[in-house]
There are 2 protein chains.
Amino acid sequence: MESIATACSAVKGRPREFCTEQALAAALGVFWTKGYEGASMADLTSAMGITKPSLYAAFGNKEALFHKALDLYEAEKLAYTREALNQPTARAVAECFMRGAINAQCNSGSPKGCLGVISTTACGSEGQSIKDDVIARRASSQKALVERFEQAQQAGEFPAHITPQALCQYLYAILQGMAVQAGSGATRTELEQVVDTSLAMWPTR
Amino acid sequence: MESIATACSAVKGRPREFCTEQALAAALGVFWTKGYEGASMADLTSAMGITKPSLYAAFGNKEALFHKALDLYEAEKLAYTREALNQPTARAVAECFMRGAINAQCNSGSPKGCLGVISTTACGSEGQSIKDDVIARRASSQKALVERFEQAQQAGEFPAHITPQALCQYLYAILQGMAVQAGSGATRTELEQVVDTSLAMWPTR
DNA sequence: TAGATTCCATAACGGCCGGTATGTAATGCG
DNA sequence: CGCATTACATACCGGCCGTTATGGAATCTA
């Protein structure tokens, strides 16, 4: 009945024997490698080093665990997308997006490909709420990029026939295509070819 | 012991009560919608209108069924990629690829997205031979496109800094990105924005 | 120490998975 | 007809799925 905030560790019972952040990072690695439906509870608990009841007590269930892993993915692995928006020109923004994607997707030690792409393609009807979540997050980040491109348009960076909306859709297609290729075993060199070619074609006024 | 070719229907037993081609087309629809691992035998037999033993007798097993469905997909749904190579310029080839992809992936009545992209992303370790097959077929079709672009290069269609290999990798990234977007519910209009933007940037000598 | 509370470990649950054994119906051949 | 052959229909198999019940171990408060 004490209504005073007891958010701090006034822990009562037996203390937890694992670090939830560390376990979540391990879970992210599994989802990133195998996708939501491809990752079994046995895969997850094994990688996280905990048992199934511990996982359910700490994270709720498999779906809730995925959403939390997605939060971590956005916060850590997609940080470069927020920094990219601060670049001085739209072209520099696009280059940061693409080079950042290569670093994130070809980093040895991390799984290949993009968790967002993996989670929205394939998979049966089970993971529909997963797909919906990822699609909503993607729309949010696309919105930020469109706004950045509108700013560039007003600065006169584009020819008249290029719209910010279309350019964003185009850039995202390239990024998603690179993720598909990375997941299929493309080398860093091949992905850099895509980036260099894209930049060579980037519109100038 | 008769060694004379009896390939024709010298059927002996009870005749089959379903059309294998029709059943295969139905199976393709299920794989296209749900992916290899996402498609259960119950999904398949239900859509094909046959029972499990009939499926196994006619197609071997789930994996063999998928490879045959992939054959059908390449033959029917990817026919435009072979026609595209006959276009007079590399730019026209690329436009045929992209517009054909939109028609194939946004055709109401067909599932959204590209079966190849769906089959190589996500999914656990079970479908590795599936992924390998798709990746090999993709490499084969990329090879044909690179050769077409080399021909265009010798015809002087590109500036010096654009290589056929890189251009092919770039175009495939756009196509695969469009497939990701189509699978995520993008509209035909949005995909046409991607194509129009790509074509607006296409290199000229 | 006694009780309350929280976590860990084992084992079990119903349900679906891909694949198959079994018995019966339909055809061709002699 | 009797026989071989092939396909159909039902029911079943072991195994894995995500999830949870149960009981003991570890910590807090009193």
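Proteins get letters first, then strands, A, B, ... in listed order; numbering begins at 1 in each.
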Novice: Considering only heavy atoms and no angle criterion, is a donor-acceptor pair shorter than 3.5 Å present between the side chain of B/Lys62 and the base of C/dG18?
Specialist: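 When only heavy-atom distances are counted, B/Lys62 does not reach the base of C/dG18 through any donor-acceptor pair under 3.5 Å.
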Novice: Heavy atoms only, 4.0 Å cut-off, all strands: where does B/Pro15 land among base, sugar-phosphate and nothing?
Specialist: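 B/Pro15: backbone/sugar contact only, no base atoms under 4.0 Å.
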Novice: Would you mind reading off the distance between B/Arg16 atom CZ and C/dG28 atom C1', rounded to a whole angstrom?
Specialist: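 Between C1' of C/dG28 and CZ of B/Arg16: 17 Å.
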Novice: Cation-pi check for A/Phe18 against A/Arg16: NZ or CZ below 6.0 Å from the six-membered ring centre and within 45 degrees of the axis, yes or no?
Specialist: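 Yes.
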Novice: Below 4.0 angstrom, N of the basic side chain to O of the carboxylate: do A/Arg137 and A/Glu74 qualify?
Specialist: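 Looking at A/Arg137 and A/Glu74, the cut-off is met.
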Novice: Nearest heavy atom decides the nucleotide; on that basis, is A/Ile50 or B/Lys52 closer to the 5' end of DNA chain C?
Specialist: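 By nearest-heavy-atom nucleotide position, the 5'-most residue is A/Ile50.
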Novice: Can you check the B/Lys12 NZ to D/dC3 C1' distance for me, whole Å?
Specialist: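 The answer, rounded to whole Å, is 11 Å.
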Novice: Roughly, in whole Å, what's the span from CE in A/Met41 to C1' in C/dA12?
Specialist: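 From A/Met41 CE to C/dA12 C1': 16 Å.
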Novice: Could you tell me how far apart B/Leu44 (CG) and C/dC16 (C1') are, to the nearest whole angstrom?
Specialist: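 Rounding to the nearest Å, CG of B/Leu44 and C1' of C/dC16 are 15 Å apart.
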Novice: Give a yes/no answer on whether the side chain of B/Thr51 brings an N or O atom under 4.0 Å of OP1 or OP2 in D/dC8.
Specialist: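 Checking D/dC8 against B/Thr51, no side-chain N or O comes under 4.0 Å of OP1 or OP2.
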Novice: Between atom CZ in A/Phe59 and atom C1' in C/dC7, what is the gap in whole Å?
Specialist: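 Those two atoms, CZ and C1', are 14 Å apart.
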Novice: Would you mind telling me which residue lines up with the more 5' stretch of DNA chain D, A/Arg14 or A/Tyr36, judged by nearest nucleotide?
Specialist: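 Whichever sits nearer the 5' end wins; that is A/Tyr36.
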Novice: B/Met48 CE to D/dC8 C1': how many Å, rounded?
Specialist: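 To the nearest whole Å, that distance equals 15 Å.
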Novice: Round to the nearest Å and state the distance from A/Phe18 atom CZ to D/dA26 atom P.
Specialist: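 The distance from CZ of A/Phe18 to P of D/dA26 comes to 17 Å, rounded to the nearest Å.
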Novice: With a cut-off of 6.0 Å (strictly less than), are more than 12 heavy atoms of other residues, nucleotides or ligands near CD of A/Gln22?
Specialist: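 Not more than 12 within 6.0 Å, no.
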Novice: Assign each of B/Glu37 and B/Glu17 to its nearest nucleotide of DNA chain C by heavy atoms, then name whichever residue's nucleotide is nearer the 5' end.
Specialist: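 Its nucleotide being nearer the 5' end, the pick is B/Glu37.
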Novice: Any idea how B/Trp202 and B/Tyr170 line up, ring-wise: parallel (<30°), tilted (30 to 60°), or perpendicular (>60°)?
Specialist: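 Rings of B/Trp202 and B/Tyr170: tilted, 30 to 60°.
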Novice: How is A/Ala58 classified with respect to the nucleic acid when contacts are heavy atoms under 4.0 Å: base, sugar-phosphate, or nothing?
Specialist: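 Touches nothing.
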Novice: Should B/Ser54 be listed as having a side-chain N or O under 4.0 Å from OP1 or OP2 of D/dA7?
Specialist: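 Checking B/Ser54 against D/dA7: no side-chain N or O falls below 4.0 Å of OP1 or OP2.
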Novice: Between atom SG of B/Cys106 and atom CD of B/Gln181, what is the distance when rounded to the nearest 0.5 Å?
Specialist: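 Between B/Cys106 SG and B/Gln181 CD, I get 10.5 Å after rounding to 0.5 Å.
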Novice: Using whole Å, what does the distance between atom P of nucleotide D/dT10 and atom CG of B/Leu55 come to?
Specialist: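 Whole-Å distance recorded here is 16 Å.
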